[in-house]
Amino acid sequence: NNYNWYPSTGLNSTIGSTVTASPISSTSYSVIGTSMNGCLDTISTVVSVNPNPIINTFPVNAEICKGDTVLLYVDGAATYIWSPSLGLNSSSLDTVQAFPLSNTIFSVLGIDSLGCSNSSSIYVNVNDLPIIDITSPEPDICLGEAILLTATGGIQYNWQPSNSLNSNVGNVVSASPTITTHYMVTGIDANSCSSWDTISISVSPLPILSINSISSTICNGESVTLV
């Protein structure tokens, strides 16, 4: 008719035929039952509490450039569930490739062989790529001339091809191509992210001149027609 449970630690109630136990460590619970005639009996049960797995993730935080990939690691459990799955090559491995297009917090739930679980998370910061742009005073030159090429949008630059440039680094270079040439510059920003731009410089050939007479001899006062 009546029941009294002890100890009270981890119980939602100490009376009643049904109680909810939520101990944080293994606990032996006893209950005293009293019948209508006042007779008592006692019985015990042990609730074993298994520790949750300790989930370790690496890196703590990650920083990538948009379009890049970073490896995320986890250990401490038997099986894993990553979320969100968008931007991951797998949602169930202990090592996954992450390629988000925007800042993302990836959470991983680790479950051990006893069914106990714990979770951890990794923040991946995604940096935008720099906007690299090449400008020149004009798109074409004459053979033998030089033209300045200016790159903006980064803090370091690498130019290709370098054989007709005065330098393959720097934001301003002098180009002296002998034929129409496509130049590419790769720019790197403060976050070590890179992008590129191209420009085409057309080279016009010099005119081929001829004269009707390489050498003419005249008398003083005479004239000769040169074409």
Side-chain angles (χ1 to χ4, degrees), residues 1-131 155 188-195:
N1 289 83
N2 298 299
Y3 303 93
N4 290 278
W5 298 81
Y6 65 92
S8 61
T9 304
L11 295 179
N12 69 327
S13 175
T14 58
I15 59 175
S17 61
T18 301
V19 296
T20 300
S22 305
I24 59 175
S25 60
S26 297
T27 304
S28 176
Y29 290 103
S30 298
V31 59
I32 300 174
T34 305
S35 65
M36 293 182 64
N37 58 16
C39 295
L40 306 176
D41 194 17
T42 302
I43 195 170
S44 300
T45 186
V46 176
V47 177
S48 297
V49 179
N50 297 311
N52 290 324
I54 298 175
I55 303 301
N56 300 303
T57 51
F58 181 83
V60 177
N61 295 308
E63 187 169 0
I64 63 172
C65 302
K66 183 175 289 186
D68 287 349
T69 299
V70 63
L71 290 178
L72 308 181
Y73 305 90
V74 62
D75 63 19
T79 59
Y80 304 97
I81 301 174
W82 293 84
S83 63
S85 59
L86 182 65
L88 296 177
N89 71 321
S90 173
S91 61
S92 61
L93 297 177
D94 58 357
T95 301
V96 297
Q97 297 177 10
F99 37 87
L101 297 179
S102 60
N103 298 341
T104 304
I105 297 177
F106 290 102
S107 299
V108 58
L109 177 68
I111 305 171
D112 65 14
S113 58
L114 299 174
C116 298
S117 64
N118 207 341
S119 63
S120 184
S121 61
I122 301 176
Y123 176 72
V124 179
N125 181 62
V126 181
N127 294 311
D128 289 327
L129 301 182
I131 300 175
I155 59 174
I188 303 174
D189 65 10
N191 295 317
S192 297
C193 296
S194 64
S195 187

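A quick note: this is a predicted structure, and the numbers were derived from the prediction, not measured.
Put simply, the side chain of T27 reaches to within 4.5 Å of the side chain of P7, judged on heavy atoms. Side-chain contact between S119 and V108 is absent, with no heavy-atom pair separated by less than 4.5 Å. Between I55 and V74, the closest side-chain pair of non-hydrogen atoms falls below 4.5 Å.
Between atom CD1 of residue I54 and atom CG of residue N118 there is a gap of 8.5 Å, rounded to the nearest 0.5 Å. Between atom CD1 of residue I64 and atom OG of residue S192 there is a gap of 13.5 Å, rounded to the nearest 0.5 Å. Atom CG in N1 sits 11.0 Å away from atom SG in C39 (nearest 0.5 Å). Rounding to the nearest 0.5 angstrom, the gap separating the OG atom in S92 from the CD1 atom in I81 is 8.5 Å. We find the OH-OG1 distance between Y3 and T34 to be 9.5 Å, quoted to the nearest 0.5 Å. In this structure, the separation between CG on L109 and OG1 on T79 is 7.5 Å, given to the nearest 0.5 Å.
The side chain to side chain contact (heavy atoms under 4.5 Å, CB included) with C193 is formed by just one residue from the set I188, D68, L129; it is L129. Exactly one of T57, L93, T95, I122 qualifies for a side chain to side chain contact (heavy atoms under 4.5 Å, CB included) with L72. That residue is I122.
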Does the side chain to side chain contact (heavy atoms under 4.5 Å, CB included) test come out yes or no for V19 and N12, once each step is laid out? CA-CA 6 Å; V19 296; N12 69 327; 3.7 Å; yes

Evaluation steps, side chain to side chain contact (heavy atoms under 4.5 Å, CB included), between I43 and Y29: CA-CA 9 Å; I43 195 170; Y29 290 103; over 6 Å; no

I'd like to know whether N89 forms a side chain to side chain contact (heavy atoms under 4.5 Å, CB included) with F99, so could you lay out the CA-CA distance, the side-chain angles of the two residues, the decisive distance to 0.1 Å, and finally the verdict. CA-CA 8 Å; N89 71 321; F99 37 87; 4.2 Å; yes

Determine, stepwise, if the pair N125 / N127 fulfils side chain to side chain donor-acceptor pair (under 3.5 Å). CA-CA 7 Å; N125 181 62; N127 294 311; 3.2 Å; yes

For S121 and I105: C-alpha separation, side-chain torsions, deciding distance, then whether side chain to side chain contact (heavy atoms under 4.5 Å, CB included) applies. CA-CA 7 Å; S121 61; I105 297 177; 3.9 Å; yes

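Counting only distance, with no hydrogens or angles, the side chain of N52 and the backbone of C116 share no donor-acceptor pair below 3.5 Å. Checked by atom type and distance alone, the side chain of T104 never pairs as donor or acceptor with a backbone atom of F106 at under 3.5 Å. Side chain of S13 to main chain of I15: a donor-acceptor pair is present (N/O by atom type, distance under 3.5 Å, no hydrogens or angles). D41 places no side-chain N or O within donor-acceptor distance of the main-chain N or O of G33, the cut-off being under 3.5 Å. At least one donor-acceptor pair under 3.5 Å links the side chain of W5 to the backbone N or O of G16.
Counting non-hydrogen atoms of neighbouring residues, nucleotides and ligands closer than 6.0 angstrom, the OH atom of Y123 exceeds 12 such neighbours. Within a 6.0 Å sphere centred on CD1 of I155, heavy atoms belonging to other residues, nucleotides or ligands number more than 12. For CG of L114, the number of neighbouring non-hydrogen atoms (other residues, nucleotides, ligands) closer than 6.0 Å is greater than 12. In the displayed structure, L40 atom CG is contacted under 6.0 Å by more than 12 heavy atoms of other residues, nucleotides or ligands. Other residues, nucleotides and ligands contribute more than 12 heavy atoms inside 6.0 Å of the CG atom of L71.
Nearest heavy-atom pair across S85 and S91 is CB-CB, 4.1 Å. Between V96 and S90, the shortest heavy-atom distance links the atoms CG1-O, 3.4 Å. Shown here for K66 and V126, the closest heavy-atom pair between the two residues is CA-CG1, 3.7 Å. Closest of all the heavy-atom pairs between A98 and P100 is C-CD, 3.5 Å. The minimum heavy-atom distance between S44 and S28, with the atom names listed, is CB-OG, 4.2 Å. Heavy-atom minimum distance, P130 versus S195: O-CB, 3.1 Å.
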